[in-house]
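Step one of this worksheet: look at the structure below.
Here is the naming used below: chain letters follow the sequence lines, and residue numbers restart at 1 for every chain. Quick note: numbers below take in every heavy atom, side chains included, and nothing from hydrogens, waters or symmetry partners.
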Amino acid sequence: MPVIPPPDSDDGPRHRYDVAAVERKWQAYWLEHRTFRTEIEPAKPKAYVLDMFPYPSGSGLHVGHPEGYTATDIYCRFLRAAGYNVLHPIGWDAFGLPAEQYAIQTGTHPADTTRRNIDTFRRQIRALGFSYDWEREIDTTDPAYYKWTQWIFLKLFERGLAYTAEVPVNWCPALGTVLANEEVIDGKSERGDHPVVRTPMRQWMLRITAYAERLLAGVDTLQWPEGIKAMQRNWIGRSAGAEVDFAVPALGEKLRVFTTRPDTLYGATYVVVAPEHPLVTRLATAECRASVDAYVAAASRKSDRDRQDDQKEKTGIPTGTVAINPLTKQEVPVWVADYVLGGYGTGAIMAVPAHDTRDFAFAQHHGLPIVPVLSPDGQPFAVPLAEAFTDEGIAFASGPWSGLTTSDFQAQVTDHLAAHGIGARRVNWKLRDWVFSRQRYWGEPIPIYYPMVRDGAALVGPTLTAQGVWNLVQSGSAHIDHGAPIAVDAAQLPLRLPETADFQPTGDAEPPLSRCFAWRFFQQDGRWFARETNTMPQWAGSCWYYLRYLDPRNDHELASPAAIAHWLPVDLYVGGAEHAVLHLLYARFWHKVLFDAGVVPTDEPFQRLVNQGMILGEDGEKMSKSRGNVINPDTVLVEFGADAFRLYEMFMGPLEAVKPWSTHGLHGMRRFLNRVHTLYDKPIGTGAPDDATLRLCHKLIRKVGDDTRALRFNTAIAAMMAALNELVRLPEFPRKIAELFAVLLAPYVPHLAEELWQRLGHPPSVGSVPWPDFDAALAQDDLAEVPVQVNGKVRAKLMVAKTLDRGELERLALAEPGVQRHMAGKIIAKVIVVPGKMVSFVVK
RNA sequence: GCCGGAGUGGUGAAAUGGUAGACGCGGCGGACUCAAAAUCCGCUGGGCUUACGCCCAUGAGGGUUCAAGUCCCUCCUCCGGCACCA
C-alpha cells in the first residue's frame, strides 16, 4: 500500500497542535480534580486576589472582562507556585435593572433570564482556563446569599444608619424607579440613558454622610490609582468655610449663608437665595411678589438637567428686600437665583462678584456692584476688573483686616463672627445620604414591616384575608403606619422575594411587590402588618460580596471569624474604572459599618486597586454594537484558543493602558505557541545545558518573576519570546531547561504548559511545581557592553568584564579609534567612569 | 474651568538619569513549493555617504546634568472624570 501522507489538519496548517483538544482536556482535568480548591493554610503567607464580579448580562462576556480576569489569573497561578495561600473566587452580581428590563421586554421571568445568563458567563469564563475556586461561586440573587445582605441592612437599621425620609429624589419614569445621585449622569439614568426628574417621595436612605470624614481620610491610606482616589475625594467633596448671618430687618430674621471665603466679606454686595429656600416667599416684597412666585414656580418645574443647561446666562430676580452685611453694615439686596442650590450649605450665599466667577457673571448681567477687596499685593486694582480675581492674596478696603493674607483673614474673621454670635466655622460635604430603595421587583426585599392601623388602633381581624386588608387600604378605612418601621427578626431571614409573574413596573411609584398581597400583608399575634415593598438597589449585593467568598456556605454567619481574620483585607482588587465612585464608595461605607459592628477587623476592604484599561475596537474606537467593532471572545476562542487569547490580551500593553484590539497581534501569539510546541518536538537532551543557556534561563526566571509580581505581564511575555528565539537555535533541548521553561510559561498559558509538562513525563499539574529560584551570579552577564561617550555622544562600545576597574576601563576607552578621532587636538576636561555601565569624556 | 492620566518608528509598545526603539505586528528580500498558504532565514526610525562614518530623532520650547524619553519650568494635543457645591 502506498504511504498516504497525513493530511493537513482541517482547521488550517497554522494549528500545529490541536489547541481545542488540549484546552478542553486540561479544563476538564482542573474541574474534575478540583485543582484550584482553596483551604486555609496557616503556614503560608496569604493572598486574596479579587476580580470585580460580573453582572451577567444577556449579551455574554465581552473582551474587556477577560482582560482583568486574565491578569489576576496569571498573578494567582504565579503566587501559588511562589508558595502563597491564594484565594481567588468568582461569582455573579445578578440583581439589577438590565436583567429585569430584558425580562420585561421578552416576558420571561428575571429569575429565568438570570439563570441562563449566569450559565453562559460560567461557560465562557471556564473556557478561558481561569483558576477560580468554583466551590466558592456566589450569586447575589440566591436567598442563601441575600439573607446576609438583609442581615447587614438590619445592622445599618439598628445603628440608625438606615432611615426613611420624604426627600426629593431622582425619579426615572422610564425605569419606574428612583435612582441614587451616583446613578444619574447629566440628568439621565446611568442605565439606559433615560430622563430623570426631581420629585419628593418617601424613601429608604442610608446615612453615608455620617461616614464622610472617615471615607475621605481612608482614601489617603489606599494603594489605588490617583485618578480613582481623586474622584472619591471629589465626590465626598469636603469644603471648609464659615456660616455668616446677614440680618434682614424687614423680616426680623437672619439669613444664614455659607462661604469658603469669609475673607471677602467686605466685597459681598448682594445675597442670593435658592428658589427652594424656606424664606423665599417672605423675602419677596409686595412689588416683587408676583415675579418671585413666577420665578420659583418656573425653577421647580425645571429638571436638574435644564438648570445646568442654563449655565451660560444666570437667571435670577430681586426679592425687593435688603439684608445687612454684618461687617460693613451696609444694606445689600437679596436676590433669588437658581444658580444657588437649595440642597447645599444653607441654600443661600453672599455674593462677592469681584472674587467669584459665578457671582461676577451674575453681577455683570444684572448690573450689580462689583467691589474688589483683595489683590495679589494688597494694592487696589487700578482699573475695573475684567474678570473675577479668585486667587488668594492680601486684603484691602476691609476695615481692620486690611493687609492680612487670605488665610490669616479667614482664621481671624471666623473667630470674630463666632464671638459675636453672627457666624461659625463650618464644614460642608457634597456627599448626600444614599437613596437606597428602588421601586422594582428584581432586588433584595428590604427586611422591614409596618403596623396596620384602623381607627387609630392596630388592625386586627382573624377572618380578614390579605386581599381583604388591601381592600381596606384602598377604601381608606385602614392604613399602613410608615412612621413605625419594624425590623424583621434576623432569625427569620432570608425574607424571600415572592415568586410572581406580575413583576412589571407600572410607571407610578408603587413597586411591583405592593401587588403581591399574600406576601405583603401578614398577621402576627392577631395583628396585621404590611411589608416594605421597595427593594434594594443593584449595589447592595456587591457591597460585601468579597466577604461571602471567605466562607460562602456558612448559613449561621456572614462568614466565620476565622476565615475573615485569615483572608482580609483583599490584597489586590482588579476591575474597571467605571466603578470609581459607585461600587467602591458604597462598599467602603458598608465595610466601615461592619468594622464598627465588630464583624471585620480592618477599616478598609480593598488595600490595592488596579484598573484594567479599556480595550478598544480595531478601529481605535470604543467597542459598540452601533460601530460594529465588537470582538466576541467566543469567536476568538474557536479560532485561536484560550492560551493565545490570554497571552494576547496581556501582551497588548500595560494592564492599565487603554489599547486597541488587533487580530494581527493575535496571530503572533498563535505563532509563538506553535513555536514553543515545536521546540518540545526536539530531542530532549539529558546533558547539562551550556553556560550561555544557563545564564539565559536564570535571567529569564528573574525577569518573569519580577515582572509578574509587578503585574507587568507584557514585558514578561516579551522576555519569554526572546528566550524562545534563543532556545530554538539549540541543537537539542536540555531536559532541565525544557522543564524550567514549561514552569515559567504555566501562569500565562496554562493549558499548553500542562500538556508539555505531561509530555516530559510528569504527572499533572505543572501549577504545583514550586516557582524556581534563580542564581544571582548566573542571572547576570559577566561581560557588559560599555558605551564610551565623548561630549555626550557615544563614539565606541567596549565588550568588557562587568567588574573591570575604572583605570583599566578608562585606558581601554581612550584606546578606541572612534574615541581618539573625536578627541584629537583637544584636552580632556573631565572623565566619568561608571564600571560596567559607562565611560564619558568631556573635552575642549 | 477644575482634577487625574498619556503623547516614543508604518503600528501595539520597551527602556533603575547611562547604548532610544527590546518583544510583537506589518513591510521588504530570500529558502522551501509546480504554485499558494503555512513554516524557516535575513533586513526594516529618518537623512547624508561608494565606504569608514556622520547628522537628526521620544508632542513644542526652554532649563539642570559629563549624560534627559526619564528631573524642573512654560505651552500644545489627546483620553478619562467632575462640573453653578459658593
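- For A:A20, the side chain to side chain contact (heavy atoms under 4.5 Å, CB included) partners are A:D18, A:R24, not counting sequence neighbours.
- In this structure, the CZ atom of A:F841 is 21 Å from the P atom of B:rU65, given to the nearest Å.
- At a threshold of 4.0 angstrom between heavy atoms, the contacts of A:H355 with the nucleic acid are absent.
- For B:rA86, the OP1/OP2 oxygens have a side-chain nitrogen or oxygen of A:Y344 closer than 4.0 Å.
- As a whole-Å value, the separation of A:D619 CG from B:rU11 C1' is 15 Å.
- Nucleic acid contact class of A:G345 (heavy atoms, under 4.0 Å, all strands): none.
- In this pair, A:H667 and A:F640 present their aromatic rings perpendicular. The plane angle is above 60°, beyond the 30 to 60° band.
- At a threshold of 4.0 Å, the pair A:R233-A:D220 counts as salt-bridged, since one of the basic side-chain nitrogens sits closer than that to a carboxylate oxygen.
- With C1' as the reference atom, B:rU8 and B:rG46 are 14 Å apart, rounded to whole Å.
- Contact annotation: A:K830 side-chain N/O to B:rC66 OP1/OP2 distance is under 4.0 Å.
- The shortest distance between the side-chain N/O atoms of A:R233 and the OP1/OP2 oxygens of B:rG81 is not below 4.0 Å.
- The closest side-chain donor-acceptor pair between A:Y748 and A:T708 falls under 3.5 angstrom.
- Side-chain atoms of A:M721 lie closest to B:rC23 of the nucleotides B:rC23, B:rA83, B:rC84.
- At a threshold of 4.0 angstrom between heavy atoms, the contacts of A:T260 are confined to the sugar-phosphate backbone, with no base atom among them.
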Under 3.5 Å, which donor-acceptor pairs link side chains of residues 816-842 of chain A to any protein atom two or more places apart or in another chain?
residue : atom : partner : partner atom : Å
A:Q820  : NE2  : A:L814  : O            : 2.4
A:H822  : ND1  : A:G818  : O            : 2.9
A:H822  : NE2  : A:R795  : NH1          : 3.3

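- B:rC32 and B:rA14 have their C1' atoms separated by 34 Å, given to the nearest Å.
- Not a single donor-acceptor pair under 3.5 Å links the side chain of A:K659 to the backbone N or O of A:M614.
- The ring of A:F360 has its center no closer than 6.0 angstrom to the ring center of A:H355.
- Remark: the separation of the P atoms in B:rG7 and B:rG12 is 12 Å, to the nearest Å.
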Give me, pair by pair, the N or O atoms of the protein and of nucleotides 14-16 of chain B that are less than 3.5 Å apart, along with how far apart they are.
residue : atom : partner : partner atom : Å
B:rA14  : OP1  : A:N714  : ND2          : 2.8
B:rU16  : O4   : A:K837  : NZ           : 2.7

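- Using cut-offs of 30° and 60° on the angle between ring planes, the pair A:F362 and A:Y339 is tilted.
- A:N725 comes within 4.0 angstrom of sugar-phosphate atoms only, judged by non-hydrogen atoms across all strands, and of no base.
- In this structure, the side chain of A:N170 does not engage the main chain of A:V196 through any donor-acceptor pair within 3.5 Å.
- Spacing between B:rA67 and B:rU19 at atom P, rounded to whole Å, works out to 14 Å.
- Shown here are the side-chain hydrogen bond (donor to acceptor under 3.5 Å, both in side chains) partners of A:S662, two or more places apart in sequence or in another chain: there are none.
- Look at CZ on A:F713: it is 19 Å from C1' on B:rA22, rounded to the nearest Å.
- Of the two residues contacting RNA chain B, namely A:M838 and A:A577, the nearest-nucleotide position lying further toward the 5' end is that of A:M838.
- If you take atom C1' in B:rG45 and the same atom in B:rG21, they sit 8 Å apart, rounded to whole Å.
- Heavy-atom neighbours of A:K622 NZ from other residues, nucleotides or ligands within 6.0 Å: at or below the threshold of 12.
- Across all strands shown, A:K229 has no heavy atoms under 4.0 Å from either base or sugar-phosphate atoms.
- Within the nucleic acid shown, A:E656 has no heavy atom closer than 4.0 Å to any nucleic acid atom.
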Pairs under 3.5 Å (N/O, protein and nucleotides 2-4 of chain B):
residue : atom : partner : partner atom : Å
B:rG4   : O2'  : A:G227  : N            : 3.1

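- With sequence neighbours left out, A:R811 forms a side-chain hydrogen bond (donor to acceptor under 3.5 Å, both in side chains) with A:E808.
- In the set B:rG18, B:rG24, B:rA86, B:rG18 carries the atom at the smallest distance from any side-chain atom of A:S840.
- OP1 or OP2 of B:rC54 lies within a sub-4.0 Å distance of a side-chain N or O belonging to A:R795.
- Under the ring-ring contact (aromatic ring centres under 6.0 Å, His included) criterion, A:F741 pairs with no residue at all, not counting sequence neighbours.
- In summary, the side chains of A:N428 and A:R238 do not present any donor paired with an acceptor at a separation below 3.5 Å, with no hydrogens or angles considered.
- A:Q410 is linked by a side-chain hydrogen bond (donor to acceptor under 3.5 Å, both in side chains) to A:D263, counting only residues two or more places apart in sequence or in another chain.
- The residue among A:M614 and A:G665 whose nearest nucleotide of RNA chain B lies closer to the 5′ end is A:G665.
- Using a 4.0 Å cut-off between charged side-chain N and carboxylate O, A:R256 and A:E243 make a salt bridge.
- Side-chain proximity of A:H664 to B:rU19, B:rG26, B:rG18: nearest is B:rG26.
- Comparing the same atom, P, in B:rG10 and in B:rU58 gives a spacing of 13 Å after rounding to whole Å.
- Distance, A:W335 CH2 to B:rA86 C1': 18 Å, rounded to whole Å.
- A:M669 comes within 4.0 angstrom of sugar-phosphate atoms only, judged by non-hydrogen atoms across all strands, and of no base.
- Taking syn as a glycosidic angle within 90° of 0, B:rG30 does not qualify and is anti.
- Here A:Y680 and A:F733 bring their ring centres to under 6.0 angstrom of each other.
- Rounded to a whole angstrom, the distance from the C1' atom of B:rG9 to that of B:rC25 is 13 Å.
- When distances run from any side-chain atom of A:E785 to the nucleotides B:rC40, B:rU19, B:rG12, the shortest one goes to B:rU19.
- For the pair A:M720 CE and B:rA22 C1', the interatomic distance rounds to 15 Å; values are reported in whole Å.
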List every contact pair, protein side and nucleotides 73-79 of chain B side both N or O, where the distance is under 3.5 Å.
none

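- Contact annotation: A:R671 does not reach the phosphate of B:rA38 (side-chain N/O to OP1 or OP2, under 4.0 Å).
- Annotation: side-chain hydrogen bond (donor to acceptor under 3.5 Å, both in side chains) contacts of A:R709 (sequence neighbours excluded): none.
- B:rC52 and B:rA57: their C1' atoms are spaced 23 Å apart (whole Å).
- Applying side chain to side chain contact (heavy atoms under 4.5 Å, CB included) to A:L724 and the options A:L700, A:L745, A:V676 leaves one that passes, A:V676.
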Mind listing the N/O atom pairs, protein and nucleotides 31-33 of chain B, below 3.5 Å?
none

| said: Can you give me the dot-bracket string for RNA chain B, 5' to 3', counting Watson-Crick and G-U wobble pairs with both distances under 3.5 Å, using [ ] for crossing pairs and | for partners on another strand? | reply: (((((((..(((.....[....)))((((((.......))))))((((....))))..(((((..]....))))))))))))....

